[in-house]
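Input: a single structure, listed below in structure tokens.
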Protein chains: 2
Amino acid sequence: MTVQAKDDANPDVHRWEKLPQTTWAVLGLLSFGRPLTGYQLKKWADAILAFFYWSPAVSQIYSELRRLESMGLAESELVAGKETHQKRVYAITPAGREALTWWQAEVDVEPPMLKHTVALRVWLGHMADPSRLTGLLREHADRCTALATAADAAAEASESEPDFRFPAMVAEWAASYYRSEVRHAENLLSQVESLSASELGPRESSVGTAAPTGPDPVDP
Amino acid sequence: MTVQAKDDANPDVHRWEKLPQTTWAVLGLLSFGRPLTGYQLKKWADAILAFFYWSPAVSQIYSELRRLESMGLAESELVAGKETHQKRVYAITPAGREALTWWQAEVDVEPPMLKHTVALRVWLGHMADPSRLTGLLREHADRCTALATAADAAAEASESEPDFRFPAMVAEWAASYYRSEVRHAENLLSQVESLSASELGPRESSVGTAAPTGPDPVDP
DNA sequence: CGTTGCATGTAAGGTGTTACATGATTAC
DNA sequence: GTAATCATGTAACACCTTACATGCAACG
């Protein structure tokens, strides 16, 4: 009765059913077996989870931990540092492992959520100065280059560790992802440049004054 | 005094400062000049915005529209259909254009937010059956292929329209993005497969029972 | 004549953020 | 000794979703 992924008769399952993704992400951090404090969890989330999943605020991590403990999926121990200064170290419980395994096997994967602020700006490029757009694309590309390098470093650090094979794989995945982002951004950048170059003559945007033209946004 | 992107003396600017991205996205939909109802806006958001930005719920679109109108950035007109059945059609105002231009020029771009649920599942692959992982990666790849095709169609539909050059560019960008997603997913998929194949002999996961090993998640 | 689409809106509640508050420890 | 880091937590609030409620229009 250690791990029963398919046991829908498990009376706890209905309590796990509506937990948000973030809860599972935090429990997932604990599932690597290391007891950690909320503060350490936040640092780890920033360093690794942030590559592919929004890193929650510190205060939220603490409340997630309290929730996990109240549900028996994690347990905490007070560790005294020097004098009276205590810190709370959280560890996953067997029930927590069972829950995670159940989640992996049974819970549908929600569609990935993307809020690509840079694409949004370019999409509304008719309300912006072209140089502003190229600037922000350049910035984005640079940020992604840095992230790709960081992801590579993370991948290399985990590669040799047998318990970290999946994180290593995802770190490599993240590196590819961010390098693709760079390519896509640079592609957009050159398009914006050639567009603004070709419009040096016939300036004066028609959007806003012209009658509604273009593809019907409602009924394509 | 039609458009003053840099006019920080504008007394309205401080009211615009903390508007969430979603508000700008909705106002952006209106900035293409077409007066639209909340319902139409939602459909458009689902069709186009969803490629690169989370499409808000219907009810939220309505409240965003009310907020935009209360701030003078959009205005609505009641249009009577047949008998007493009215619908409210929203249009951007000059102040709305001014606000959008100011936003594009002055407001910092928030970092893109990614919640890649599939990567999260693979990252926690040690708690899952390998066949489950490959299945969900396959599903993800298929979904992305469909999205890429749809983005191509959207790009082609806007390409000829001069007012929709930026949306066309972003649609092309989205097509590339989702095709990269497919490649990355398939790459991960083959890695998961080769990993599970190589572990047919020495099974029994050590994670959870072994003492904490692997890269220090806190202090790298 | 019933189902699907169009169209609008309210209410409740959860998710997640920012700001604030506190204090010990470590490093320079 | 003072700055940065470690460490925890509360309170307020904004964002956003789900569920619900309503009714017309159009298609078959």
Side-chain angles (χ1 to χ4, degrees), chain A residues 15 17-26 35-47 49-50 53-71 76-90 110-111 113 115 117 216-220, chain B residues 15 17-26 35-47 49-50 53-70 76-90 110-111 113-115 117 216-220:
Chain A
R15 302 184 58 213
E17 228 138 34
K18 299 164 215 177
L19 287 173
Q21 303 256 19
T22 307
T23 310
W24 297 112
V26 173
L36 295 166
T37 68
Y39 190 88
Q40 289 174 311
L41 246 3
K42 169 60 176 169
K43 274 188 63 179
W44 197 14
D46 283 345
L49 211 58
Y53 207 84
W54 193 252
S55 183
V58 199
S59 63
Q60 201 197 345
I61 288 190
Y62 282 110
S63 44
E64 292 296 353
L65 287 171
R66 285 188 288 266
R67 161 152 58 178
L68 286 171
E69 185 159 42
S70 80
M71 294 179 75
S76 70
E77 195 190 352
L78 278 169
V79 176
K82 291 288 153 62
E83 29 177 331
T84 71
H85 192 223
Q86 296 185 326
K87 61 180 178 178
R88 193 172 284 275
V89 177
Y90 286 86
E110 293 175 35
M113 177 170 70
K115 285 193 176 184
T117 51
D216 191 340
V218 178
D219 209 74
Chain B
R15 302 185 56 212
E17 229 138 32
K18 299 163 213 176
L19 287 173
Q21 303 256 22
T22 307
T23 309
W24 297 112
V26 172
L36 295 166
T37 69
Y39 190 88
Q40 290 174 312
L41 248 1
K42 169 59 176 169
K43 274 188 62 180
W44 197 14
D46 283 345
L49 211 57
Y53 206 84
W54 194 251
S55 184
V58 198
S59 63
Q60 202 199 341
I61 289 190
Y62 282 109
S63 44
E64 292 297 353
L65 287 171
R66 285 189 289 266
R67 161 151 59 176
L68 286 172
E69 185 160 40
S70 80
S76 70
E77 195 191 351
L78 277 169
V79 175
K82 290 287 153 61
E83 29 176 330
T84 70
H85 193 223
Q86 296 183 327
K87 60 181 179 179
R88 192 170 286 274
V89 177
Y90 287 86
E110 293 176 34
M113 176 170 70
L114 180 66
K115 284 194 176 183
T117 51
D216 191 340
V218 179
D219 209 72

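Convention: sequence-line order gives letters A, B, ...; per-chain numbering from 1.
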Are OP1 or OP2 of D/dC6 and a side-chain N or O of A/K43 less than 4.0 angstrom apart? yes

Report yes if at least one side-chain N or O of A/R67 is closer than 4.0 Å to OP1 or OP2 of C/dG14; otherwise report no. no

Can you tell me which nucleotide in [options] comes closest to the side chain of [X]?
| X | options | answer |
| --- | --- | --- |
| A/K115 | C/dG5, D/dT10, D/dC16 | D/dC16 |
| B/P20 | D/dA7, D/dC16, C/dG9 | D/dC16 |
| B/R88 | D/dA7, C/dG9, D/dT10 | C/dG9 |
| B/T22 | C/dA7, C/dG16, D/dC16 | D/dC16 |
| B/K87 | C/dG9, D/dA7, C/dT8 | C/dT8 |

Rounded to the Å, how far apart are [X] [atom1] and [N] [atom2]?
| X | N | atom1 | atom2 | result |
| --- | --- | --- | --- | --- |
| B/K18 | D/dA14 | NZ | C1' | 12 Å |
| A/Y62 | D/dA11 | OH | C1' | 17 Å |
| A/L65 | D/dG9 | CG | P | 9 Å |
| A/L78 | D/dG9 | CG | C1' | 14 Å |
| B/Y53 | D/dC16 | OH | C1' | 12 Å |
| A/R66 | D/dT8 | CZ | P | 10 Å |
| B/Q86 | C/dA7 | CD | P | 14 Å |
| B/W44 | C/dA7 | CH2 | C1' | 19 Å |

Would you check if A/R15 and A/M71 make a side-chain contact, meaning some heavy-atom pair closer than 4.5 Å?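 A side-chain contact exists here, since the closest heavy-atom pair is under 4.5 Å.
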
For B/T117, side-chain hydrogen bond (donor to acceptor under 3.5 Å, both in side chains) partners two or more places apart: none

Taking side-chain hydrogen bond (donor to acceptor under 3.5 Å, both in side chains) as the test, write out the residues that go with A/T23, two or more places apart. A/E64, A/R67

Taking side chain to side chain contact (heavy atoms under 4.5 Å, CB included) as the definition, give me every residue that meets it alongside [X], ordered by chain and number, with sequence neighbours left out.
| X | result |
| --- | --- |
| A/T37 | A/Y39, A/Q40, A/K87, A/V89 |
| A/S63 | A/Q60, A/R66 |
| B/A25 | A/L120, B/L49 |

Worked check of side-chain contact (heavy atoms from CB on, under 4.5 Å) between B/W54 and B/M113: CA-CA 10 Å; B/W54 194 251; B/M113 176 170 70; over 6 Å; no

Minimum heavy-atom separation for A/T22 and A/Y53, please, with both atom names. N-OH, 4.3 Å

Between B/L36 and B/W44, what is the shortest heavy-atom contact and its length?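 Closest heavy-atom pair between B/L36 and B/W44: CD1-CE3, 3.7 Å.
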
Between protein and nucleic acid, restricted to nucleotides 17-20 of chain D and to nitrogen or oxygen atoms under 3.5 Å apart, what atom pairs and distances do you find?
residue	atom	partner	partner atom	Å
D/dT17	OP1	B/W54	NE1	2.8
D/dT17	OP2	B/A57	N	2.9
D/dT17	OP2	B/Q60	OE1	3.1
D/dT18	O4	B/S59	OG	3.1

Take the C1' atoms of the five end pairs on each side of the helix from C/dC1-D/dG28 to C/dC28-D/dG1, derive the two axes, and give their angle rounded to 10 degrees. 40°

For B/K42, check salt bridge (charged side-chain N to carboxylate O under 4.0 Å, His left out) against everything at least two apart and list the hits.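 B/K42: salt bridge (charged side-chain N to carboxylate O under 4.0 Å, His left out) contacts with B/D46.
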
